[in-house]
Number of protein chains: 2
Amino acid sequence: MSTEQFRHVTQVGFIVKDIEEARAAWAELLGAEEPPIVETEGWESTHMTFKGKPSKGRAKLAFFRLENLTVELIQPVGGPSTWQDFLDEHGSGIHHIAFNVENLDETLGKFKSMGIGIEQKGDYKGGCYTYLASKSKLGGAVEILHNY
Amino acid sequence: MSTEQFRHVTQVGFIVKDIEEARAAWAELLGAEEPPIVETEGWESTHMTFKGKPSKGRAKLAFFRLENLTVELIQPVGGPSTWQDFLDEHGSGIHHIAFNVENLDETLGKFKSMGIGIEQKGDYKGGCYTYLASKSKLGGAVEILHNY
């Protein structure tokens, strides 16, 4: 498998307690307009699983597009999820970095061979995401994004 | 002040318990050679302050240069520091994102106007770093790097 896809970090995700307050602070720092806040879709659309089980976990999201990556703000809004677990355990904090990958199965196989399993996954319009349980090996969560 | 300098994230910093293990895992994921592990200099060189007081906190560091940013691994190795506090509180995790800035005083003034103070700062060869106490406002620590 090419490892080229791991040469470019596309996103850094922050868990926040109050997405409106965090969005206002980031907009002030960046001198940018406040992006819209969107809520993740329901399970019928996302088919989300968390720790191997279907979950109705949801979150509010806001995205700041910087030059070389996107800052994603995430406020969990109920249901079991890696986002809610992180907030309960740590409060606000940097939750993950993301890579875009072309071949999802090969990528998951690569992580598996490293002893790194799946923490949460789900679909979004045009693609799917997978959070790896990579904290103990890599020092933090890695998300892989795969667009169809 | 130009906010252009906040358009480009130059670094993501991970606190790790064991930098040799984390370095090996990252090298495997990236298909890269293992970079050297370096230890921060002594106080005579860094003039490090943590929460406003001189500190002898040290860390081991390793840097993976990706296409669009650098992944920094940090293992605290004694003395008070934001790194040791983070490890004690959270274990391994993503500690900060970094921006390079040209005008340090204006940048610190900008953060101050947002109610964001300094958590830790110090010198390195050719420049200095400042970790902002930005977790409550921005959702995570921001580091500013200023090269002379």
Side-chain angles (χ1 to χ4, degrees), chain A residues 1-10 12-19 21-32 64-75 86 89-97 99 107 110-111 113-116 132 134-142, chain B residues 1-10 12-19 21-32 64-75 86 89-97 99 107 110-111 113-116 132 134-142:
Chain A
M1 186 187 73
S2 165
T3 56
E4 284 304 301
Q5 59 199 6
F6 290 112
R7 304 305 294 171
H8 194 94
V9 173
T10 57
V12 181
F14 290 70
I15 299 290
V16 298
K17 289 178 188 169
D18 183 321
I19 198 167
E21 285 187 9
R23 178 178 66 163
W26 272 100
E28 185 177 353
L29 181 67
L30 299 175
F64 285 94
R65 315 281 177 192
L66 277 59
E67 267 176 20
N68 66 328
L69 55 71
T70 297
V71 167
E72 177 184 24
L73 305 180
I74 306 164
Q75 180 192 332
F86 187 98
E89 195 176 347
H90 303 296
S92 297
I94 307 177
H95 175 262
H96 68 265
I97 62 173
F99 297 89
T107 303
K110 167 86 174 176
F111 280 107
S113 76
M114 292 176 64
I116 297 172
L132 282 310
S134 52
K135 180 170 166 167
S136 66
K137 299 268 182 185
L138 298 173
V142 166
Chain B
M1 185 188 72
S2 165
T3 56
E4 285 303 302
Q5 61 199 5
F6 290 113
R7 304 304 294 172
H8 195 92
V9 173
T10 57
V12 180
F14 289 71
I15 299 289
V16 298
K17 289 178 188 170
D18 183 321
I19 197 167
E21 284 187 13
R23 178 178 65 163
W26 273 100
E28 186 177 351
L29 181 66
L30 299 174
F64 285 94
R65 316 280 177 193
L66 276 59
E67 268 177 20
N68 66 329
L69 55 72
T70 297
V71 167
E72 179 185 24
L73 306 181
I74 306 164
Q75 180 191 335
F86 187 98
E89 195 175 348
H90 303 296
S92 297
I94 307 177
H95 176 261
H96 68 266
I97 62 173
F99 297 89
T107 303
K110 167 87 175 177
F111 280 107
S113 76
M114 292 176 66
I116 297 172
L132 283 309
S134 53
K135 180 169 166 167
S136 67
K137 299 267 183 187
L138 298 173
V142 166

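The analysis underlying the following values was restricted to heavy atoms, covering all of them including side chains, and did not include hydrogens, waters or symmetry mates. Chain letters run A, B, ... following the sequence lines, proteins first and then strands; every chain starts at 1.
- For the options B:Lys17, B:His96, B:His95, B:Lys135, heavy-atom pairs under 4.5 Å to chain A are most numerous at B:Lys135.
- The most heavy-atom pairs under 4.5 Å with chain A, out of B:Ile97, B:Asn68, B:Leu66, B:Val142, come from B:Asn68.
- The local environment of NZ in A:Lys137 is sparse, with at most 12 non-hydrogen atoms from other residues, nucleotides or ligands closer than 6.0 Å.
- Looking at B:Glu28 and A:Lys110, their side chains come closer than 4.5 Å, going by heavy atoms from C-beta outward.
- The aromatic rings of A:Trp26 and B:Phe99 sit tilted, their planes meeting at an angle between 30° and 60°.
- With a 4.5 angstrom heavy-atom cutoff, A:Arg23 does not touch chain B via any of its atoms.
- Both the backbone and the side chain of A:Val9 come within less than 4.5 Å of a heavy atom in chain B.
- Contact tally against chain A (heavy-atom pairs below 4.5 Å) for B:Val71, B:Ile94, B:Ile116: the top residue is B:Ile94.
- Of the two parts of A:Ala24, neither the backbone nor the side chain holds a non-hydrogen atom closer than 4.5 Å to a non-hydrogen atom of chain B.
- Contact of B:Phe111 with chain A is made through the side chain alone, with heavy-atom distances under 4.5 Å.
- Nearest heavy atom pair, residue A:Gly139 against residue B:Val16, reads CA-CG1, 4.0 Å.
- With chain B as the partner, the residue from A:Glu89, A:Glu21, A:His8, A:Arg65 showing the most heavy-atom pairs under 4.5 Å is A:His8.
- B:Ser113 contributes atom OG, which lies 9.5 Å from atom CG of A:Leu29 (distance to the nearest 0.5 angstrom).
- Residues A:Arg7 and B:Leu30 are in side-chain contact: their nearest non-hydrogen atoms beyond the backbone lie under 4.5 Å apart.
- Interface residue A:Ile15: only backbone heavy atoms are found under 4.5 Å from chain B.
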